[in-house]
Amino acid sequence: MALSNLRRGARDHGVTLDDAQAAQFERYAALLRAWSHRAGLVADASDAAVERRHFLESLAFGAALREREILRPDSTLIDIGSGAGLPGVVLKVAWPALRLTLLEATAKKTAFLAALVEDLGLGGVRVLTGRAEELARDATLRGAFDLVVARAVAPLPVLLELALPFARIGGRLATVKGSRTQDEVAASRHALDVLGARCVTFPLDVPGPRQQVVVAIKLRQTPDVYPRRAGVPNKRPL
Ligand code: SAM
């Protein structure tokens with residue numbers, strides 16, 4: 001087994017992986033290695049990096065959300081800027097009843113995601129190519145999800161504008177941030193007001209630099225003008 005610490009590491013976060021799930025993670029790591037150069041998926045596709053940085057950190061994130069009932073076994077979940085499927089596909093392998101949508105702007109990456117979903121035999125997963133600013137206008141996606149997740153996609157004020165339109169009222173956005181979490185939260189006050197959300201943070205129990213989970217709960221319908229057109233949230237954050 002190339003991922004020698006995965007099951008033990010998952011167990012430390014309270015997640016039990018059976019043989020079939022462990023085999024899915026092995027296959028996922030092999031496909032990441034095979035596609036990484038072609039699709040620019042992850043900076044480091046070595047087994048050690050994939051196991052610790054990508055799989056175990058995503059499992060720790062999922063476990064923290066499960067513990068607080070923010071993630072339920074059959075939640076409708078959308079992963080924005082999913083890239084190589086992180087964290088969405090990791091969560092789906094660990095909690096197979098999730099109804100998952102993977103949204104990613106780059107077609108090369110969604111080609112990988114479609115191949116990955118097929119290869120791992122994952123049911124109830126949809127892969128969408130496009131920008132969040134545009135797909136948030138689709139009536140079947142807007143306000144449709146219990147939970148929106150995103151990892152390493154944008155600074156918090158920008159991410160709130162991209163992500164909250166997809167959440168139902170009472171639904172959440174959850175993401176992970178590093179040492180500047182409190183600054184990002186402070187800089188998000190106006191975005192939270194305008195978008196109708198409130199946010200909390202808690203520590204993520206992973207080795208290495210301190211990480212925090214940020215959860216924004218959607219209290220009201222997002223005004224129709226948000227998200228603004230593609231590129232504007234990044235250029236002129238709320
Ligand atoms: N979430 C993955 C991870 O943690 O490895 C990928 C992170 S990568 C740094 C950011 C990804 O977000 C890229 O694949 C990029 O194409 C995608 N992305 C950025 N802005 C986006 C947008 N507005 N709509 C959709 N995808 C976006």
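Because the structure is predicted, anything quoted here is derived from the model rather than measured. Read the numbers this way: they start at 1 and go in the same order the structure lists the ligands and their atoms.
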Legend entry - Option of least heavy-atom distance to atom 8 (S) of ligand 1 (set: A105, A152, G83):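 It is A152 that holds the nearest heavy atom.
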Legend entry - Selection from R53, E161, E104 by shortest heavy-atom distance to atom 15 (C) of ligand 1: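 Residue with the shortest heavy-atom distance to the ligand atom: E104.
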Using a 4.0 Å cut-off to any heavy atom of [X], which atoms of ligand 1 qualify?
X	value
E133	22 (C), 23 (N)
K109	13 (C), 14 (O)
L103	25 (C)

For [atom], find the nearest protein heavy atom and state the residue, atom name and distance (0.1 Å precision).
atom	result
atom 20 (N) of ligand 1	V153 CG1, 4.1 Å
atom 5 (O) of ligand 1	R151 NH2, 3.5 Å
atom 24 (N) of ligand 1	A132 N, 2.9 Å
atom 12 (O) of ligand 1	G81 CA, 3.3 Å

When you check the gap from the basic side-chain N to the acidic O, do [X] and [Y] get nearer than 4.0 Å?
X	Y	value
E69	R72	yes
D19	R7	yes
R228	E133	no
D79	R151	no

Inset, instruction - Kindly give the cluster partners of L219, where membership spreads through any ILVMFWY side chain lying under 4.5 Å from a current member. - result: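 Members alongside L219: I217.
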Legend entry - Nitrogen or oxygen atoms of L86 and ligand 1 under 3.5 Å apart: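 The answer is yes, given that L86 and ligand 1 share an N or O pair closer than 3.5 Å.
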Atom pairs and distances, side-chain donor-acceptor, residues 163-184, under 3.5 Å, sequence neighbours left out:
residue : atom : partner : partner atom : Å
R168    : NE   : D146    : OD1          : 2.7
R172    : NH1  : G170    : O            : 3.4
T175    : OG1  : A150    : O            : 2.6
K177    : NZ   : A154    : O            : 2.8
K177    : NZ   : E184    : OE1          : 3.3
T181    : OG1  : G178    : O            : 2.5
Q182    : NE2  : T201    : OG1          : 3.4
E184    : OE1  : L156    : N            : 2.7

Is there a heavy atom in [X] that sits closer than 4.0 Å to ligand 1?
X	answer
A84	no
A154	no
T106	yes
V42	no

Inset, instruction - Give me the ring orientation class for Y28 and F55: parallel if the planes are under 30° apart, tilted from 30 to 60°, perpendicular past 60°. - result: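 Judged by the thresholds at 30° and 60°, the geometry between Y28 and F55 is tilted.
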Legend entry - Minimal non-hydrogen separation, A94 against L59, with atom names: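 Smallest heavy-atom distance, with atoms named: CB-CD2, 3.6 Å.
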Legend entry - Closest heavy-atom pair and its distance - L122, Q24: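 For L122 versus Q24, the nearest heavy atoms are CD2-NE2, 3.6 Å.
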